[in-house]
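Below: the structure, in C-alpha cells.
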Amino acid sequence: MQHKSVSIILQPPLEEAHSEPCLVVDPEPLVGIDNPHEIPSKSMLNSVLQIYLNLPNITEELPVAPQGDLSQLVLWMRSVWQGNSSALDWEPLEYQELLDRLTRLFCETRFGDRYLFEIKNTTISTNRYLTVKIGHLPQHNQVTLLSVLNQSLGHHYATFFDGNSLPLSSSGPKTTFLKLPELLCIYLERPLSESGYHSTPVEIPIELDAGLYLDPSARKPVSHGVQCTFYRLHGFSTQAQGKFVTYTRIRGGSEWYRCCDEATSVVDLGMRVSSKGVLFCVYRLQIK
C-alpha cells in the first residue's frame, strides 16, 4: 500500500544561488529497494541511495520540476518516499563513478549546497566529498577512520589498534578547511581485485570533531554564539561478498536501521563500529 503524502511548494529566497521552487514531501519512514536477482551493481546502487534517501532536508530541497538527468533521480526518490520499492534504472557503475554522478546531479539543487566545502590545499579533486585511499594499508590490522583521515589531510602516520604505526608516503602540505560542510561525506577508496575489495578493517566513530582541520582563517559555523565543528554519523555503506549494506539513521533520528536491498530492520550499533568493507560514510554537522 502506497503512502499518501502531503506535498507543498516552497519558494526559496530569490537572491540565493538555487532559488528554484522546491517540492516538500512527507515521506514514508523507511522503504527497502528491490533487487530480486541479487545483482551486485544494483545492490551497490541501492546501498548508496539509502544514505541519501534518509537524510534530513533532502525531502524539501529538490526542485518541483527537475530537468535533464536530474529528473529521473528526483522523480524516483519521490516515488520511494511514497512507498514504491522499485529500483532506480541506472546502468552499472563503479563505486566512485556512482558517487561522482550523484554529486554532479545534487550540485544542481538547493540540497547539494549542504555538502559543499572549501579547502586551502587545492590538490583535493572535489569539493563535495573527501577521498581517503587505504589500499596501501595492511589487511590484517584494524585502523581508525580518524587516523587515515589525518594521513589523507597531510599527517604522516596511520596508527593501528595494536599500537604500531605505519609511515605513509604523503609529504605534501596539510589540508585545512576554509569552510566546513553541513554534510561531511568520506569515500574510502579500496582497490578491487578478483578476490574482492581490499579488506583493511576501519573503525568508524559515531561522533567526530573536525575542529582540528579548520584553517586559522576559516569561516567557522556558529550557532547561538558557539562554534560548530562537531559531527554525528548519519550512515555508511559497506560490503561483503558482493552484497552491499547500508546502516543509517532516518532524518536525524537516534535509531539505526540496516538496509540490504528489500530487507530493512532496526539494529543496535553501540558507540564503536568496525567494518572490513566500509566504503562510504556521511556525517552531519550538529548545529544546535
(request) Take Gln239 and Val245, measure what side-chain contact (heavy atoms from CB on, under 4.5 Å) needs, and give me the verdict at the end. (result) CA-CA 6 Å; Gln239 60 76 39; Val245 179; over 6 Å; no
Interatomic spacing from [atom1] in [X] to [atom2] in [Y] - rounded to 0.5 Å:
{"X": "Leu55", "Y": "Arg249", "atom1": "CG", "atom2": "CZ", "result": "12.0 Å"}
{"X": "Leu88", "Y": "Ile33", "atom1": "CG", "atom2": "CD1", "result": "8.5 Å"}
{"X": "Lys133", "Y": "Tyr187", "atom1": "NZ", "atom2": "OH", "result": "8.5 Å"}
{"X": "Phe177", "Y": "Leu214", "atom1": "CZ", "atom2": "CG", "result": "8.5 Å"}
{"X": "Gln96", "Y": "Arg101", "atom1": "CD", "atom2": "CZ", "result": "15.5 Å"}
{"X": "Leu62", "Y": "Leu73", "atom1": "CG", "atom2": "CG", "result": "7.5 Å"}

(request) Using ring-ring contact (aromatic ring centres under 6.0 Å, His included) as the criterion, list what pairs up with Phe236, not counting sequence neighbours. (result) Tyr247
(request) Taking atom NZ of Lys243 as the centre, report whether more than 12 heavy atoms of other residues, nucleotides or ligands fall under 6.0 Å from it. (result) yes
(request) Take atom CD of Glu94 as the centre, draw a 6.0 Å sphere, and report whether it contains more than 12 heavy atoms from other residues, nucleotides or ligands. (result) no
(request) Linking directly or through intermediates, with side-chain heavy atoms under 4.5 Å: list the remaining ILVMFWY members grouped with Leu30, chain and number order. (result) Ile250, Tyr257, Val266
(message) Would Thr109 and Glu61 count as a side chain to side chain donor-acceptor pair (under 3.5 Å) here? Give the steps.
(response) CA-CA 7 Å; Thr109 73; Glu61 293 184 342; over 6 Å; no
For the residue pair [X] and [Y], what are the closest heavy atoms and their distance?
{"X": "Val132", "Y": "Leu149", "value": "CG2-CD1, 4.0 Å"}
{"X": "Val202", "Y": "Thr144", "value": "CG1-C, 4.3 Å"}
{"X": "Ser237", "Y": "Tyr95", "value": "OG-OH, 2.9 Å"}
{"X": "Asn141", "Y": "Pro201", "value": "O-CD, 3.5 Å"}
{"X": "Trp76", "Y": "Ala87", "value": "NE1-C, 3.4 Å"}
{"X": "Pro205", "Y": "Tyr283", "value": "O-OH, 2.6 Å"}

Tell me, do [X] and [Y] make a side-chain contact under 4.5 Å, heavy atoms counted?
{"X": "Leu53", "Y": "Met77", "answer": "yes"}
{"X": "Leu184", "Y": "Leu285", "answer": "no"}
{"X": "Leu183", "Y": "Arg284", "answer": "yes"}
{"X": "Leu192", "Y": "Tyr197", "answer": "yes"}
{"X": "Phe230", "Y": "Cys228", "answer": "no"}
{"X": "Leu49", "Y": "Leu102", "answer": "yes"}
{"X": "Phe280", "Y": "Leu99", "answer": "yes"}
{"X": "Leu145", "Y": "Ile186", "answer": "yes"}

Looking only at atom types and distance, does a side-chain atom of [X] sit under 3.5 Å from a main-chain N or O of [Y], one as donor and one as acceptor?
{"X": "Thr238", "Y": "Val278", "answer": "yes"}
{"X": "His234", "Y": "Ile51", "answer": "yes"}
{"X": "Glu28", "Y": "Asn84", "answer": "no"}
{"X": "Glu262", "Y": "Asn35", "answer": "yes"}
{"X": "Thr246", "Y": "Thr248", "answer": "no"}
{"X": "Arg128", "Y": "Cys185", "answer": "no"}
{"X": "Arg190", "Y": "Lys276", "answer": "yes"}

Taking atom types as modelled and ignoring hydrogens, do the side chains of [X] and [Y] form a donor-acceptor contact shorter than 3.5 angstrom?
{"X": "Ser193", "Y": "Ser195", "value": "yes"}
{"X": "Asp34", "Y": "Ser85", "value": "yes"}
{"X": "Ser199", "Y": "Gln139", "value": "yes"}
{"X": "Asn46", "Y": "Asp261", "value": "yes"}
{"X": "Glu38", "Y": "Ser43", "value": "no"}

(request) Report the C-alpha separation of Trp90 and Leu98 in whole Å, then their side-chain angles, then the decisive distance to 0.1 Å, and conclude whether the side-chain contact (heavy atoms from CB on, under 4.5 Å) test is met. (result) CA-CA 10 Å; Trp90 274 6; Leu98 173 57; 3.8 Å; yes
(request) Please lay out, stage by stage, how Gln72 and Asp89 fare under the test side-chain contact (heavy atoms from CB on, under 4.5 Å). (result) CA-CA 9 Å; Gln72 181 188 17; Asp89 185 20; 4.1 Å; yes
(request) Check step by step if side-chain contact (heavy atoms from CB on, under 4.5 Å) holds for Cys281 and Leu233. (result) CA-CA 8 Å; Cys281 50; Leu233 183 62; 4.1 Å; yes
(message) Could you walk me through whether Glu182 and Arg114 satisfy the salt bridge (Lys or Arg N to Asp or Glu O under 4.0 Å) test, starting with their C-alpha distance in whole Å, then the side-chain angles of each, then the deciding distance to 0.1 Å, before giving a yes or no?
(response) CA-CA 5 Å; Glu182 183 173 330; Arg114 292 187 178 274; 2.5 Å; yes
(request) Kindly assign one of parallel, tilted or perpendicular to the pair Phe111 and Phe106, based on the angle between their ring planes and the thresholds 30° and 60°. (result) perpendicular
(request) Please check if Val31 and Leu75 belong to a single hydrophobic cluster, counting links between Ile, Leu, Val, Met, Phe, Trp and Tyr side chain heavy atoms closer than 4.5 Å. (result) no
(message) If hydrophobic clusters are built by linking Ile, Leu, Val, Met, Phe, Trp and Tyr wherever their side-chain heavy atoms come under 4.5 Å apart, do Ile39 and Leu45 end up in the same one?
(response) no
